[in-house]
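Counting begins at 1 with the first residue of the sequence. Heavy atoms only: backbone and side chains are in, while hydrogens, waters and symmetry mates are out.
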Amino acid sequence: MFHMLSCFNLDADTGVPEFKSRVKALGDHLKKSDLLLSVGALGKRQRHPVMDTDKERNHEYFFVMSFRDRRQCDQAVAEMYKTEQPLDEIHKAVYANIVDPVFICWEDV
């Protein structure tokens, strides 16, 4: 499987329940279009003196999207770049609420 971790902060005007609903809508649409396998739960960072060693980033929230493979991920990205509705609106509803995003991808070995 191929995964993407999204790390970010929420803008000051966005609440967690509202954001979770928007991420769910995006995940549901991508799954229905066979462009995604799953979206993990929204996580809130818990600073830990031993287990959280990332001093470079100050992100508070994260979630993981999982794809069958790199090809499915690339297809999802291509569809988002088309900016066609309703995907463009659904994606922008998520992306517009995040600040300082960092995305990390990996493939299971």
Side-chain angles (χ1 to χ4, degrees):
M1 285 199 342
F2 191 85
H3 309 276
M4 181 183 82
L5 170 66
S6 297
C7 304
F8 54 93
N9 292 309
L10 288 175
D11 67 30
D13 298 328
T14 304
V16 169
E18 174 186 5
F19 186 75
K20 285 172 66 173
S21 175
R22 291 176 178 180
V23 170
K24 182 180 179 334
L26 177 61
D28 288 349
H29 182 81
L30 291 172
K31 286 188 281 187
K32 180 179 171 188
S33 302
D34 195 33
L35 296 171
L36 179 72
L37 287 181
S38 66
V39 178
L42 180 64
K44 183 166 180 10
R45 187 174 185 175
Q46 300 297 305
R47 304 246 187 299
H48 186 279
V50 176
M51 302 300 287
D52 186 341
T53 61
D54 187 353
K55 306 270 190 253
E56 294 178 39
R57 282 164 283 281
N58 196 30
H59 298 100
E60 288 296 319
Y61 297 97
F62 61 90
F63 64 89
V64 175
M65 299 179 102
S66 296
F67 305 86
R68 269 191 310 276
D69 50 27
R70 170 76 183 261
R71 183 171 183 243
Q72 186 183 39
C73 178
D74 290 346
Q75 288 172 331
V77 170
E79 288 300 312
M80 287 185 207
Y81 274 116
K82 288 181 183 178
T83 65
E84 294 177 358
Q85 300 307 329
L87 180 56
D88 188 53
E89 182 178 329
I90 296 167
H91 181 246
K92 284 180 179 173
V94 171
Y95 196 78
N97 298 135
I98 64 175
V99 179
D100 302 323
V102 171
F103 306 107
I104 301 168
C105 291
W106 72 95
E107 188 169 18
D108 294 342
V109 293

Checklist entry - Can you get from V102 to M65 by hopping between Ile, Leu, Val, Met, Phe, Trp and Tyr side chains that sit under 4.5 Å apart? => result no
Item to check | Crowding at NZ, K31 (>12 non-hydrogen neighbours, <6.0 Å) | outcome: yes
Checklist entry - Is the backbone N or O of L26 less than 3.5 Å from a side-chain atom of H91, with the two atoms forming a donor-acceptor pair by type? => result no
Next on the checklist: With a 4.5 Å cut-off on side-chain heavy atoms, are M4 and V77 touching?
Outcome noted: no
Next on the checklist: If you apply the rule side-chain hydrogen bond (donor to acceptor under 3.5 Å, both in side chains), what do you find for N58 with R47, and how did you get there?
Outcome noted: CA-CA 10 Å; N58 196 30; R47 304 246 187 299; 2.4 Å; yes
Checklist entry - If you take all heavy atoms of K55 and D52, which pair is closest and at what distance? => result NZ-O, 4.3 Å
Checklist entry - Hey, mind stepping through W106 and L5 against side-chain contact (heavy atoms from CB on, under 4.5 Å) and telling me if it holds? => result CA-CA 9 Å; W106 72 95; L5 170 66; 3.6 Å; yes
Item to check | Parallel, tilted or perpendicular: ring planes of F63 versus F8, cut at 30 and 60 degrees | outcome: perpendicular
Item to check | K32, NZ: over 12 other non-hydrogen atoms inside 6.0 angstrom | outcome: no
Next on the checklist: Testing the basics here: between D108 and H3, what is the closest heavy-atom pair and its distance to 0.1 Å?
Outcome noted: OD1-NE2, 3.0 Å
Checklist entry - Quick one: does D74's side chain get under 4.5 Å of F67's, heavy atoms only? => result no
Checklist entry - With distance as the sole test, does Q72 use its side chain to make a donor-acceptor pair with the main-chain N or O of D34 at under 3.5 Å? => result yes
Next on the checklist: Is the shortest side-chain heavy-atom distance between R71 and Q75 below 4.5 Å?
Outcome noted: yes
Next on the checklist: Evaluate H59 against D100 for side-chain contact (heavy atoms from CB on, under 4.5 Å), listing each step before the verdict.
Outcome noted: CA-CA 8 Å; H59 298 100; D100 302 323; 4.0 Å; yes
Checklist entry - Is there side-chain contact between L42 and F62, with at least one heavy-atom pair below 4.5 Å? => result no
Item to check | Any side-chain heavy-atom pair of E60 and L10 under 4.5 Å | outcome: no
Checklist entry - Rounded to the nearest 0.5 Å, how far apart are CZ of R68 and CG of L35? => result 8.5 Å
Checklist entry - Can you tell me how far the CD atom of E107 sits from the SG atom of C73, to the nearest 0.5 Å? => result 10.0 Å
Checklist entry - Atom CG in L37, atom CE in M1: separation rounded to 0.5 Å? => result 6.0 Å
Checklist outcome for this item: What one should report as the nearest heavy-atom pair of A93 and N97 is O-OD1, 2.7 Å
Checklist entry - Going hydrophobic residue to hydrophobic residue with side-chain gaps under 4.5 angstrom, can you get from F103 over to V94? => result yes
Next on the checklist: Once rounded to the nearest 0.5 Å, what's the spacing between atom CD1 of I90 and atom CG of L30?
Outcome noted: 8.0 Å
Checklist entry - Are V64 and F19 connected in the hydrophobic side-chain network, where two residues link if heavy atoms are under 4.5 Å apart? => result no
Next on the checklist: Set out, in order, the CA-CA distance, both residues' side-chain angles and the distance that settles salt bridge (Lys or Arg N to Asp or Glu O under 4.0 Å) for K92 and E89, then state yes or no.
Outcome noted: CA-CA 5 Å; K92 284 180 179 173; E89 182 178 329; over 6 Å; no
Checklist entry - Which heavy-atom pair separates D54 from R57 by the least distance, and what is that distance? => result OD2-NE, 2.8 Å
Next on the checklist: Within the structure provided, determine whether K24 and V39 are in side-chain contact (heavy-atom separation under 4.5 Å).
Outcome noted: no
